[in-house]
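See structure below.
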Amino acid sequence: MKKQQATLADKRYLVPFVLLTSLFFLWGFAHAILDVMNKHFQELLSITKTHSAFIQATMYLGYFVMAIPAGLFITKYGYRRGVVFGLLLYGIGALLFIPGQYWLSFNFFLFSLFVIGCGLPFLETAANPYVTELGPRETAASRLNFAQSFNGLGCICAPLLAGLILFSEDGSMGSGNIAIPYAGMGIVVLLVAAVFSKVQLPEIKHEIEMDATGHQVGLWSHRLFVFGLIALFAYEVSEISINSFFINYVVDQGWMSARDASLALSFGGLSFFMVGRFLGSWIMRSVPAEKMLLGCAVGTVVTTSIVILNAGWLSLGALVCGYAFEAIMFPTIFALALRGLGNHTKRASSFLMMSPVGGVVGPLLMGYVADCTTIAWSFLVPWAGYVVVGLYAWKMVSVGKSSN
């Protein structure tokens, strides 16, 4: 008899699944618009690559500061209130770009991004683990990858919109009014917050995990979770670093203008990223998530190595293809790290959502290496992160084989 394919999500959770999936688009947009702002502020304020990297560093610092408070808040008040509170911070931070544009203060822009960065951990700490619970365990990674695919859609729209607003056709600055996309984003986010304040999301209960002696099992005794936390941090270092300097790399090589590079990031790299997540979600309904992760990790190490070799247009092709390989990494590592944690799930999720602090470390380190050497050599930073992800995937594959 042919084995029946596991469903992606339970029918009773269909509405919560759809609502939560919409959130992934919103924070994808918030992340990807930073990659255009990085180059924009270098030109507008005549600052170095290292200095402009504080754009990413400041917002992702918000993750590090608020991840644990977000977990505690969600544990006490539930998923829905956590989502609403996160959306409010996100919306307020976006609207702060209006006075920021008036004063044209880099430090005020950084403060606005920090407020957004404090709101996003509430969204992600609630949505990521919640989505993994809305169906069979064996399709948790596939389900999260599907929802995260809409994160990729937001990543495509952000540089496309911001690039058209901020850069003219000849590659120089266009209107330069960064408040326009952020004001629109803030209004949309606050409207979504109003919707979530009215809906009810069912809470999912977990039993307390006990060992053979009857004692409660602590979170940090799960070594695979700890390894998963390290791997997720390494992935964030790699992904955010590459996104931050994609436009710089393409422009410095003389291949295209900043405006065209922002379009290449949107239609090239981030389109591959979104397709990679949809395709990965479909493949993982029949292929174990850990094996898929291992194959993709090898792919990113190879493509990033070609970028480092600075092999002309071959390196550009490898840079774009790398987005397809890395697409499934965050949701897959996240789902694997939460596997079997039971009542520790919410708390574990808050620690996992501290991993975007890699967005503080990675771009600053990559910008420093680029200023000291070349932009091509700076890709050693994301290369090292992908190696760590590969080691984690190999360990998970080994554990899977030993348990069979």
Side-chain angles (χ1 to χ4, degrees), residues 8-9 13-37 59-60 63 79-80 82-95 113 116-117 119-132 134 142-165 180-197 199 201 239-240 243 262 265-267 269-282 323 326-331 334 353 356 359:
L8 189 64
Y13 294 137
L14 184 59
V15 173
F17 182 60
V18 171
L19 289 172
L20 288 166
T21 297
S22 69
L23 298 178
F24 289 81
F25 175 88
L26 294 177
W27 74 66
F29 194 100
H31 290 172
I33 198 172
L34 297 180
D35 308 325
V36 179
M37 287 175 58
M59 195 175 92
Y60 289 109
Y63 276 85
Y79 287 113
R80 184 179 63 85
V83 167
V84 171
F85 189 72
L87 288 169
L88 289 175
L89 287 176
Y90 182 171
I92 292 170
L95 292 178
L113 289 172
I116 295 174
L120 294 181
F122 285 87
L123 299 185
E124 298 195 45
T125 301
N128 281 304
Y130 197 81
V131 167
T132 65
L134 299 179
S142 175
R143 187 164 49 256
L144 187 53
N145 267 280
F146 179 81
Q148 286 272 4
S149 299
F150 293 88
N151 175 281
L153 182 60
C155 288
I156 291 174
C157 294
L160 174 61
L161 177 62
L164 292 174
I165 292 174
I180 295 175
Y182 269 94
M185 188 167 65
I187 293 171
V188 171
V189 167
L190 292 178
L191 289 175
V192 174
V195 172
F196 269 91
S197 67
V199 301
L201 297 179
E239 184 217 4
I240 298 167
N243 287 344
S262 67
L265 175 60
S266 180
F267 289 112
L270 297 176
S271 294
F272 272 48
F273 187 86
M274 183 182 69
V275 171
R277 280 206 170 150
F278 275 117
L279 185 60
S281 174
W282 178 73
Y323 279 88
E326 75 169 14
I328 61 100
M329 286 185 174
F330 181 91
F334 198 99
M353 287 319 307

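- In this structure, L190 and L95 have side chains that are in contact, with non-hydrogen atoms separated by less than 4.5 Å.
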Exercise for the section: Go through the steps to decide whether L20 and Y79 satisfy the test side chain to side chain contact (heavy atoms under 4.5 Å, CB included), and finish with yes or no. Expected result: CA-CA 10 Å; L20 288 166; Y79 287 113; over 6 Å; no

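- Summarising the geometry, atom CZ belonging to F24 is positioned 9.5 Å from atom CG belonging to L123; distances are rounded to the nearest 0.5 Å.
- Atom OH of residue Y63 and atom OG1 of residue T125 lie 9.0 Å apart, to the nearest 0.5 angstrom.
- Here CE of M59 is found 10.0 Å from CD1 of I33. Values are rounded to the nearest 0.5 Å.
- In terms of heavy atoms, A194 sits closest to S197 at O-OG, 2.6 Å.
- Interatomic distance, OG of S281 versus CZ of R143, reported as 9.5 Å (0.5 Å rounding).
- The distance from the CE atom of M353 to the CZ atom of F334 is 6.0 Å, given to the nearest 0.5 Å.
- Side-chain atoms of V275 and Y323, non-hydrogen and from C-beta on, never get closer than 4.5 Å to each other.
- The distance between the ring centers of F150 and F278 falls below 6.0 angstrom.
- Contact annotation: the side chain of W27 never approaches that of V189 to less than 4.5 Å [non-hydrogen atoms, C-beta and beyond].
- With a 4.5 Å cut-off on side-chain heavy atoms, F330 and E124 count as touching.
- A donor-acceptor contact shorter than 3.5 Å is absent between the side chain of R277 and the backbone of F146.
- Listed here is the closest heavy atom pair of V131 and A147: CG1-CB, 4.2 Å.
- Atoms OG and CH2, on S149 and W282 in that order, are 14.0 Å from each other to the nearest 0.5 Å.
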Residues 85-92 side chain polar contacts: donor-acceptor under 3.5 Å, at least two apart:
unit_1, atom_1, unit_2, atom_2, d
Y90, OH, L26, O, 2.6

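- Between P331 and N145 the shortest heavy-atom distance is CG-OD1, 3.2 Å.
- Nearest heavy atom pair, residue V83 against residue A126, reads CG2-CB, 3.8 Å.
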